[in-house]
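Presented below is the structure to which this report refers.
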Amino acid sequence: MTASFVTNASSCPLTDLFGRRITYLRLSATDRCDLRCVYCMAENMTFLPRRDLLTLEEMDRLASAFVARGVSKIRITGGEPLVRKDILTLFEALSRHLTRGALKELTLTTNGTLLAKYAEALARAGVRRVNVSLDTLDATRFREITRRGSLGVVMDGLQAAQDAGLAVKLNAVALKGVTEDEIHDLIAFAHGRGMDLTLIETMPLGDVGADRTDQYLPLTDLRRLIETRWTLTDIRERTGGPARYVRVAETGGRIGFITPMSHSFCETCNRVRVSATGVLYTCLGQEDKIDLRPALRGFESDQALHTAIDAAIKAKPRGHDFRIDRRGTPTLARHMSALGG
Ligand code: SAM
Ligand code: SF4
């Protein structure tokens with residue numbers, strides 16, 4: 001056999017059976033969090049034993065294997081990624097792929113509580129944009145939703161991120177009885193500070209000690225409400241993700257709508273997720289997964305890792321099937337904090 005017939009798995013792009021190229025990795029740095037948002041976690045959570053988590057060095061190796069296969073965007077998430085001890089070392093290590101041009105974007109999703117501490121260092125490591133979750137501008141309500149957080153701390157974090165030159169996108173989960181009151185202020189706040197705002201329908205992931213049907217606010221209803229005050233124009237182009245965007249005439253800013261419950265965006269899915277324990281999930285809304293730890297820990301070379309990644313990508317499901325059953329309980333037991341959205 002001549003060399004030209006030999007395929008080298010460790011350099012082949014990742015393409016699934018439906019022809020979708022996988023170019024985006026979302027990596028959870030930890031399942032822990034300093035908040036307990038009512039739609040995400042139960043009040044009393046049992047977190048994974050620390051020994052079960054990948055080390056930051058293992059996360060670097062794993063993420064780098066994906067970069068070798070054509071992944072050009074990495075988002076670090078959680079739990080709350082910034083509560084992981086020494087998390088900066090992971091960003092600093094991965095930034096070498098930005099420097100050599102293999103990675104186009106290194107970013108994170110955060111609740112913002114530790115941004116004041118980390119924003120500058122993240123910017124130095126090559127992070128250019130950050131998604132910050134913020135559902136309310138009311139301090140009392142913020143504490144109720146997060147069960148323990150302080151709005152002022154997040155506001156300081158947002159300021160620090162912008163002072164460090166990071167572009168900020170706000171993520172707000174649409175919550176019945178909350179977002180209806182808040183939406184106009186959230187739009188004015190975000191766009192007044194040059195931030196995009198993305199609205200997310202609640203997804204039924206994990207038991208949070210509350211009835212999901214009480215929380216669910218369809219974005220079609222919210223959009224109708226937004227249009228009573230603001231003029232929206234659909235923006236045709238997609239950013240490769242699940243959000244559909246509109247432009248607000250009065251502010252010039254953008255609003256994204258992520259509607260997993262009422263609209264399927266799976267045909268263009270370009271992403272996979274890895275939990276903090278090294279389990280690769282090929283769909284947020286399905287149980288399909290493969291544990292990459294044995295391949296990572298059992299072999300010095302990355303060949304076994306690439307073989308395992310290939311097997312998982314070949315089995316990536318066509319799409320998700322979120323449902324809230326009639327009793328309001330979720331159809332997937334895993335919490336959002338296990339994978340970070
Ligand atoms: N702790 C970070 C944060 O809050 O941004 C990162 C992890 S958090 C799980 C990622 C995103 O998922 C947040 O924007 C959060 O609002 C969203 N989220 C959490 N639970 C959700 C649910 N059940 N349905 C929809 N979005 C959810
Ligand atoms: Fe923590 Fe983020 Fe979940 Fe809120 S949404 S509990 S901040 S992981």
Side-chain angles (χ1 to χ4, degrees), residues 26-45 47-48 75-84 87 107-115 118 129-136 142-151 153-154 157-158 161 168-176 178-179 186 190 195-219 222 241-243 256-262 271 273 275-276 281 284-285 320 322-324 328-341:
R26 299 172 70 106
L27 175 60
S28 171
T30 175
D31 65 327
R32 286 163 200 264
C33 186
D34 50 351
L35 303 182
R36 295 287 184 278
C37 301
V38 291
Y39 46 79
C40 178
M41 291 193 181
E43 172 90 62
N44 295 309
M45 291 287 289
F47 293 111
L48 297 163
R75 178 178 299 280
I76 307 295
T77 177
E80 172 47 43
L82 297 181
V83 304
R84 172 95 193 232
I87 186 67
T107 184
L108 70 153
T109 302
T110 172
N111 62 26
T113 59
L114 290 167
L115 264 183
Y118 285 124
R129 301 192 301 159
V130 56
N131 287 5
V132 181
S133 303
L134 184 66
D135 307 318
T136 173
F142 184 84
R143 179 161 283 270
E144 281 165 14
I145 293 173
T146 62
R147 297 197 184 101
R148 59 192 63 188
S150 158
L151 180 64
V153 172
V154 175
L158 289 175
V168 178
K169 179 160 79 71
L170 292 186
N171 282 346
V173 170
L175 294 168
K176 203 194 282 182
V178 173
T179 317
L186 276 172
M195 305 171 188
D196 280 343
L197 171 67
T198 295
L199 303 169
I200 310 172
E201 273 178 356
T202 53
M203 292 173 238
L205 292 177
D207 183 2
V208 291
D211 186 339
R212 293 285 187 183
T213 48
D214 284 350
Q215 298 180 343
Y216 179 54
L217 171 64
L219 288 191
L222 199 53
F257 293 86
I258 301 186
T259 55
M261 299 295 288
S262 54
R271 61 198 58 197
R273 298 166 170 86
S275 74
Y281 289 84
L284 182 63
H320 70 228
F322 284 123
R323 285 185 319 273
I324 299 174
T329 46
T331 49
L332 277 177
R334 152 167 47 87
H335 283 94
M336 187 64 117
S337 53
L339 282 184

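In each ligand, atom 1 is the first atom listed, and ligand 1 is the first ligand listed.
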| query | What heavy-atom pair brings Ile145 and Asp135 nearest, and what distance separates the two atoms? | reply | CG2-OD2, 3.8 Å
| said: Under 4.0 Å, heavy-atom basis, I'd like to know which part of Thr109 is in contact with ligand 1: side chain, backbone, both or neither. | reply: both
| remark: Between Leu35 and Gly149, the two heavy atoms sitting closest are CD2-CA, 3.5 Å
| query | Is there a nitrogen or oxygen of Glu80 sitting under 3.5 Å from a nitrogen or oxygen of ligand 1? | reply | yes
| query | Is the distance from atom 3 (Fe) of ligand 2 to the nearest N/O/S atom of Cys40 under 2.8 Å? | reply | yes
| said: So if I count the atoms of ligand 1 from 1 in the order they appear, which ones are less than 4.0 Å from some heavy atom of Asn171? | reply: 14 (O)
| said: List ligand 1 atoms under 4.0 Å from Glu201, heavy atoms only on the residue side. | reply: 24 (N), 25 (C)
| Which atom pair, heavy atoms only, marks the closest approach of Thr179 to Val173? | OG1-O, 3.5 Å
| Check: Arg147 side chain, Met41 main-chain N or O, donor-acceptor pair, under 3.5 Å | yes
| said: For a quick test of reading the model, state the closest non-hydrogen atom pair linking Ser28 to Gly78 and the distance between them. | reply: OG-CA, 3.5 Å
| remark: Gly79 heavy atoms within 4.0 Å reach ligand 2 at atoms 8 (S)
| message | Any nitrogen or oxygen of Met203 lying under 3.5 Å from a nitrogen or oxygen in ligand 1? Just yes or no. | response | yes
| Quick one: does Met41 get a heavy atom under 4.0 Å from ligand 1? | no
| request: Side-chain contact test, heavy atoms from C-beta onward, threshold under 4.5 Å: evaluate it for Arg148 versus Glu43 and give yes or no. | output: yes
| note | In terms of heavy-atom contacts, Ser133 and Thr109 come closest through OG-CG2, 4.2 Å
| said: As a check for students: among Ser133, Cys33, Ala174, Gly78, identify the option with a heavy atom nearest to atom 4 (O) of ligand 1. | reply: Ser133
| said: Hydrogens and angles aside, do Glu80 and Thr30 bring a side-chain donor and acceptor to less than 3.5 Å of each other? | reply: no
| Side chain, backbone, both or neither: which part of Asn131 has a heavy atom under 4.0 Å from ligand 1? | neither
| Does Thr110, backbone or side chain, put an N or O under 3.5 Å from an N or O of ligand 1? | yes
| task | May I ask you to check whether Thr202 has an N/O atom sitting below 3.5 Å from an N/O atom of ligand 1? | result | no
| Considering all heavy atoms of both residues, which atom of Leu186 and which atom of Ala172 are nearest to each other, and what is their separation? | CD1-CB, 4.2 Å
| said: Give the atom numbers and elements of ligand 1 that come within less than 4.0 Å of a heavy atom of Cys40. | reply: 19 (C), 20 (N)
| Does ligand 1 have an atom under 4.0 Å from some heavy atom of Gly79? | yes
| In terms of atom number and element, which parts of ligand 1 are under 4.0 angstrom from non-hydrogen atoms of Thr77? | 6 (C), 7 (C)
| Ignoring hydrogens and geometry, is there a side-chain-to-backbone donor-acceptor pair from Arg75 to Leu108 under 3.5 Å? | yes
| field | Single hit among Leu115, Val130, Leu134 for side-chain contact (heavy atoms from CB on, under 4.5 Å) with Val168 | value | Val130
| task | Check whether any N, O or S atom of Cys37, backbone or side chain, sits closer than 2.8 Å to atom 4 (Fe) of ligand 2. | result | yes
| Looking at ligand 2, does Gly78 have a heavy atom less than 4.0 Å from it? | no
